[in-house]
Amino acid sequence: MTRLKIEISVPESHAEAVIEALHTAGAGRVGDYARCSSIWKVTGNWQALPGAQPYDGEVGVVQHSEECRIESVCDADQAGVVRQAVRDAHPYEQAVIHFLPLYEP
């Protein structure tokens with residue numbers, strides 16, 4: 001079974017809701033442990049283009065904002081459900097959700 005690392009950037013105000021969505025969807029299992037994740041503060045940068053409806057900032061203006069980076073894991077066959085759960089809990093129009101394959105010898 002392929003395992004994936006999940007990386008998500010989210011405003012701090014929504015971090016707990018996104019973590020709960022991740023875990024409810026089945027992410028965060030590591031051996032005999034559940035609800036495993038990490039979180040730390042980062043600075044996000046973006047520029048909303050014409051047609052965008054940004055959660056934070058203005059169209060055409062480069063933005064810099066404090067965010068939280070959440071990391072967890074899931075099995076590859078869970079990725080679709082996890083992705084949808086995170087999108088449903090995430091406030092951004094285009095949520096940044098990365099799924100990276102893990103090498104596990």
Side-chain angles (χ1 to χ4, degrees):
M1 174 63 60
T2 301
R3 299 277 288 164
L4 304 173
K5 175 183 175 186
I6 308 163
E7 298 178 347
I8 305 161
S9 295
V10 64
E12 187 173 4
S13 60
H14 288 75
E16 288 302 319
V18 168
I19 290 170
E20 183 62 30
L22 269 173
H23 296 153
T24 298
R29 291 291 309 248
V30 178
D32 291 334
Y33 293 84
R35 303 181 69 84
C36 299
S37 61
S38 327
I39 185 169
W40 65 92
K41 292 187 180 188
V42 298
T43 300
N45 305 287
W46 68 92
Q47 180 181 18
L49 300 174
Q53 297 177 356
Y55 168 80
D56 185 18
E58 300 175 38
V59 172
V61 178
V62 175
Q63 303 291 319
H64 310 279
S65 183
E66 293 278 322
E67 294 181 304
C68 291
R69 171 65 54 93
I70 299 168
E71 289 188 359
S72 193
V73 293
C74 71
D75 293 334
D77 64 356
Q78 296 174 293
V81 171
V82 169
R83 180 177 173 263
Q84 189 59 54
V86 169
R87 287 186 184 259
D88 290 346
H90 204 293
Y92 290 172
E93 181 179 19
Q94 298 292 318
V96 177
I97 308 165
H98 296 145
F99 290 91
L100 307 164
L102 293 173
Y103 173 69
E104 296 183 359

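Index from 1, following the sequence. Computed over heavy atoms, backbone and side chain alike; hydrogens, waters and symmetry mates excluded.
Atom CZ of Arg3 has more than 12 neighbouring heavy atoms from other residues, nucleotides or ligands inside a 6.0 Å radius. For Gln53, the CD atom is loosely surrounded, since the number of other residues' heavy atoms within 6.0 Å does not exceed 12. For Gln94, the CD atom counts as loosely surrounded, since its 6.0 Å shell holds 12 or fewer non-hydrogen atoms of other residues, nucleotides or ligands.
To the nearest 0.5 Å, the span separating SG on Cys36 from NE2 on His23 amounts to 7.0 Å. Separating the CD atom in Glu66 from the OG atom in Ser13 is a distance of 12.5 Å, to the nearest 0.5 Å. Distance check, rounded to the nearest 0.5 Å: CG of Leu22 to CD of Gln78 gives 10.5 Å. Rounded to the nearest 0.5 angstrom, Leu100 CG and Leu4 CG are separated by 8.0 Å. Rounding to the nearest 0.5 angstrom, the gap separating the CD atom in Glu67 from the CG atom in Asp56 is 8.5 Å. Between atom CD1 of residue Ile8 and atom CZ of residue Phe99 there is a gap of 7.0 Å, rounded to the nearest 0.5 Å.
Between Lys41 and Glu12 there is a salt bridge, since at least one side-chain N of the basic residue sits less than 4.0 Å from a carboxylate O of the acidic one. Under a 4.0 Å N-O distance rule, the pair Lys5/Glu7 qualifies as a salt bridge.
What you find for Ala95 and Arg87 is that their closest heavy atoms are O-NH2, 4.2 Å. Considering all non-hydrogen atoms of both residues, Ala15 and Val10 come closest at CA-CG1, 3.9 Å. Nearest heavy atoms, Cys68 versus Val42: C-CG2, 4.4 Å. Heavy atoms only, all atoms of each residue included: Gly51 and Glu93 are closest at O-OE2, 4.5 Å. Taking all atoms of both residues into account, the shortest heavy-atom contact from Ala17 to Ala89 is O-CB, 3.8 Å. Here the closest heavy-atom approach between residue Val59 and residue Pro54 is recorded as CG2-CD, 4.1 Å.
Applying the side-chain contact (heavy atoms from CB on, under 4.5 Å) rule to Asn45 yields the partners Thr43, His64; only residues at least two apart in sequence or on another chain are considered. By the side-chain contact (heavy atoms from CB on, under 4.5 Å) test, Val81 pairs with Ala25, sequence neighbours left out. Residues meeting the ring pair (Phe, Tyr, Trp, His ring centres under 6.0 Å) test with His14, sequence neighbours left out: Tyr55.
The side-chain contact (heavy atoms from CB on, under 4.5 Å) test with Ile70 is passed by exactly one of Ile6, Ile19, Ile97: Ile19.
Cluster annotation: Leu102 and Val30 are assigned to the same hydrophobic cluster (Ile/Leu/Val/Met/Phe/Trp/Tyr, side-chain heavy-atom contacts under 4.5 Å, transitive).
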